Amino acid sequence: MANHLSAKTRIRRNERRYELNASRLGRIRTFVKSVEAAIGEGDKTAAQEAFKAAQPEMHRGVRAGILRKNTVARKLSRLNGRIKALG
């Protein structure tokens with residue numbers, strides 16, 4: 001590993017990016033778990049509200065380059081289908 005200043009700066013920048021991405025992924029997982037918990041309880045309105053809250057955060061993950069667009073679309077589609085199936 002190089003010890004000059006520009007190399008150290010780059011390493012710190014990469015570490016900071018990783019920390020931000022990890023926290024964003026944790027936040028996305030929390031939103032998805034809240035939707036799945038509401039679905040598990042059978043509360044359709046709570047599930048819909050949690051789903052509406054999860055959507056923007058997942059799309060932010062796509063814009064940040066953490067998640068892939070088709071992965072998010074598939075996950076949102078499956079969650080929405082499960083919510084609709086609650087009747």
Side-chain angles (χ1 to χ4, degrees):
M1 181 180 101
N3 285 322
H4 53 88
L5 184 62
S6 63
K8 290 179 182 179
T9 303
R10 185 67 188 165
I11 289 167
R12 280 194 297 271
R13 192 176 301 145
N14 286 343
E15 288 172 357
R16 188 167 53 243
R17 182 183 306 144
Y18 175 75
E19 288 172 8
L20 290 174
N21 290 351
S23 65
R24 180 169 281 146
L25 274 175
R27 205 166 39 247
I28 290 169
R29 284 189 192 111
T30 302
F31 275 112
V32 171
K33 284 181 183 179
S34 68
V35 175
E36 291 174 346
I39 291 171
E41 293 173 5
D43 190 357
K44 187 172 184 174
T45 56
Q48 287 173 337
E49 293 300 318
F51 183 73
K52 286 179 187 175
Q55 278 180 323
E57 193 63 38
M58 292 181 84
H59 289 298
R60 278 188 211 106
V62 172
R63 278 196 312 270
I66 300 168
L67 301 171
R68 294 182 181 263
K69 189 175 184 179
N70 62 347
T71 304
V72 169
R74 216 172 35 244
K75 184 70 171 175
L76 290 174
S77 175
R78 287 180 184 154
L79 286 173
N80 195 25
R82 289 175 60 194
I83 291 170
K84 287 182 179 180
L86 288 176

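Please read these numbers as outputs of a predicted model, since none were measured by experiment.
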**Q.** side chain to side chain donor-acceptor pair (under 3.5 Å) involving Arg74 - partner list, sequence neighbours excluded
**A.** none
Q: Might you point out which heavy atoms bring Gln48 and Ile83 nearest each other, and give the distance in Å?
A: CG-CG2, 3.6 Å
Q) Can you check whether Gly26's main-chain N or O pairs, donor with acceptor, with Thr30's side chain at less than 3.5 Å? A) yes
Q | Closest approach of Ala64 to Arg24 (non-hydrogen atoms, all atoms of both residues) | A | CB-NH1, 3.0 Å
Q) Going through the distances and angles, do Val72 and Lys75 end up as a side-chain contact (heavy atoms from CB on, under 4.5 Å)? A) CA-CA 5 Å; Val72 169; Lys75 184 70 171 175; 5.7 Å; no
Q. Nearest 0.5 Å, what's the CG-CD distance between Leu79 and Gln55?
A. 9.5 Å
Q: Provide the closest heavy-atom pair for Ala50 versus Ser34 in the form atom of the first, atom of the second, distance.
A: CB-OG, 3.9 Å
Q) Which heavy atom in Ile39 sits nearest to a heavy atom in Leu86, and how many Å separate them? A) O-CD2, 3.9 Å
Q. Is there a path from Phe31 to Leu25 through hydrophobic residues (I, L, V, M, F, W, Y) whose side chains come within less than 4.5 Å of each other?
A. no
**Q.** Between NZ on residue Lys84 and CZ on residue Phe51, distance to nearest 0.5 Å
**A.** 9.0 Å
(Q) For His59 and Leu76: C-alpha separation, side-chain torsions, deciding distance, then whether side-chain contact (heavy atoms from CB on, under 4.5 Å) applies. (A) CA-CA 10 Å; His59 289 298; Leu76 290 174; 3.7 Å; yes
Q) If every non-hydrogen atom of Ala54 is compared with every non-hydrogen atom of Val35, which pair is closest and at what distance? A) CB-CG2, 4.2 Å
Q. Would Glu57 and Arg60 pass as an ion pair if we require N to O under 4.0 Å?
A. yes
